[in-house]
Number of protein chains: 2
Amino acid sequence: MMARSAAHAGLDLREACLAEALAIISTAGAEKLSLREVARRLGVSHQAPYRHFASRDHLLAEIVRGAFADFAAALRSPPHTDAPASDLLVMGMAYVGFATAKPLQYRLMFGGTLPDPRQHPEMMQGARDAFDVLREGIERMLAGRSEPHPRDVVDRNALFAWSSLHGVVSLLQTDAIGTLDLAPQTRAEFTLLALQKVGAALGIDTGNQEIGGDTQ
Amino acid sequence: MMARSAAHAGLDLREACLAEALAIISTAGAEKLSLREVARRLGVSHQAPYRHFASRDHLLAEIVRGAFADFAAALRSPPHTDAPASDLLVMGMAYVGFATAKPLQYRLMFGGTLPDPRQHPEMMQGARDAFDVLREGIERMLAGRSEPHPRDVVDRNALFAWSSLHGVVSLLQTDAIGTLDLAPQTRAEFTLLALQKVGAALGIDTGNQEIGGDTQ
DNA sequence: TGCCTTTGGTTGACAGTGTCAACAAATCCG
DNA sequence: CGGATTTGTTGACACTGTCAACCAAAGGCA
């Protein structure tokens, strides 16, 4: 019998399971995650991961918790400057960068097939933190313009920023968009263009506008 | 043995399978779709659906094809008026209405776990049609403003409209947003507010703006 | 230190799934 | 009408998540 907590590349079994599961998800998507495959890859019996996770959902919830924590950290990572509006745009770039670097992870986070959040209360802590980062960005921007920023105004705009960025990154990842007859340049430039438009919708001067009164 | 093509509520078996599968997807999500459950519900052997669909993916592809066709029809359904900008906003409402009425279907269409489009070429025809409807709406709007509307400009804006609407409806459906501490009113009003902002970003006068130079 | 409890692993079984394969009845078509 | 095709049934297989029992190692405590 295998010694307990045998080292797996320097990790105990629990951490090794998480790492392996994340690797599978990142390459094949969460729907392909099987705990038996995790066990096989780690050279343990199929039941061993269940010693550390009550069910597949518990393992997945831990992965998701970590993913949202990384997401919040990515939004928070650009340093603050004395230009809040610019900071908000940079945060938008960080958002896109995160989703683009880890598309399958992003899909898991927002794809609608998560373990039940009520059974796993810490799973979404990172999502709440991320929203707080967005709120803060909006609030700094409004304050920088000496505009009133009551809670509901901040929330609405933070939510709009989120939905817009989410729309850009998630739609571009779909097969539906993949099959459209779009010029390669339209695809390549779209994300940046969309960020500019979202910024404009939030009242940020992002430079040239194609629609909205200016000409390119 | 069961008579062939026995009537299932007036449908042949193939159509009955599609209807049953759609019912399961619409209530439990596509990840819960099992062809054995479809067969059980129809009172046929577990292998019978495979007489009409080579695999689960083939059945799913047919469901998705129909869903995108419905989607395109929903975008197209509002009648044209002599106000193209207004028509575009109404189309946005139709988009939201479709996604809101059938959330699990919408999630299937854009969720990233579809059968391979290369194996099922007709699956995305409705997506291309829908994009054409968006293009047409943008083109009419630009023409109505006597603005130039070369193909790339139309495409960029149609894609922006799509990503923004998609962002709104899909993000609001996620568990991440479900766990945020948002005032109920902020949630209730968000969709309409977001539509207004997207409209504004496309240069449509949608009335009061919270940010963007006007005050509410 | 020795014994009991807990932890963490192994093995086996079960139910459910998609799919492969063989068989048989019904239908089609020349 | 007879042979071919279509359409259904039944059974098997491999894979999955989970239940259950067993056992060795480790930990705790008198």
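Taking side-chain N and O atoms only, A:Arg36 has no distance below 4.0 Å to OP1 or OP2 of D:dT16. Taking side-chain N and O atoms only, B:Ser34 has a distance below 4.0 Å to OP1 or OP2 of C:dG18. At the phosphate of D:dG8, neither OP1 nor OP2 sits under 4.0 Å from any side-chain N or O atom of B:Ser45.
Summarising the geometry, the separation between CG on B:Asp12 and P on D:dT7 is reported as 9 Å, rounded to the nearest angstrom. If you measure from atom CZ of B:Arg56 to atom P of C:dG16, you get 17 Å, rounded to the nearest angstrom. Look at CZ on A:Phe53: it is 12 Å from P on C:dG8, rounded to the nearest Å. Distance OH (B:Tyr50) to P (C:dT17): 10 Å, rounded to an integer number of Å. One interatomic measurement links the two molecules: CG of A:Leu42 to P of C:dG8, which rounds to 16 Å at whole-angstrom precision. Rounded to whole angstrom, the span from the CZ atom of A:Arg40 across to the C1' atom of D:dT16 amounts to 9 Å. Between the CD1 atom of A:Ile24 and the P atom of D:dC15 there is a distance of 15 Å, rounded to whole Å. The interatomic distance linking B:Asp57 (CG) with C:dT19 (C1') rounds to 12 Å, in whole Å.
A salt bridge links A:Glu37 to A:Arg41: at least one charged side-chain nitrogen sits closer than 4.0 Å to a carboxylate oxygen. Between A:Asp181 and B:Arg135 there is a salt bridge, since at least one side-chain N of the basic residue sits less than 4.0 Å from a carboxylate O of the acidic one.
To the nearest 0.5 Å, atom CE of residue B:Met91 and atom CE of residue B:Met93 are 13.5 Å apart.
Comparing A:Arg51 and A:His46 along DNA chain D, the residue whose closest nucleotide (by nearest heavy atom) sits nearer the 5' end is A:His46.
Taking every side-chain heavy atom of A:His52 into account, C:dG9 is the closest of C:dG9, C:dT10, D:dG11. For B:Gln47, taking side-chain heavy atoms from C-beta onward, the closest of the listed nucleotides C:dG9, C:dC20, C:dT17 is C:dC20.
Side-chain atoms of B:Arg14 stay outside donor-acceptor range of the base of D:dT7, with no qualifying N/O pair under 3.5 Å.
Side-chain atoms of B:Asp87 never come within 3.5 Å of backbone atoms of B:His80 as a donor-acceptor pair (strictly under, hydrogens ignored). The closest donor-acceptor contact from the side chain of A:Arg156 to the backbone of B:Leu193 lies at 3.5 Å or more, if one exists at all.
When heavy atoms are screened at a 4.0 angstrom cut-off, B:Leu33 is found touching the sugar-phosphate backbone but no base atom.
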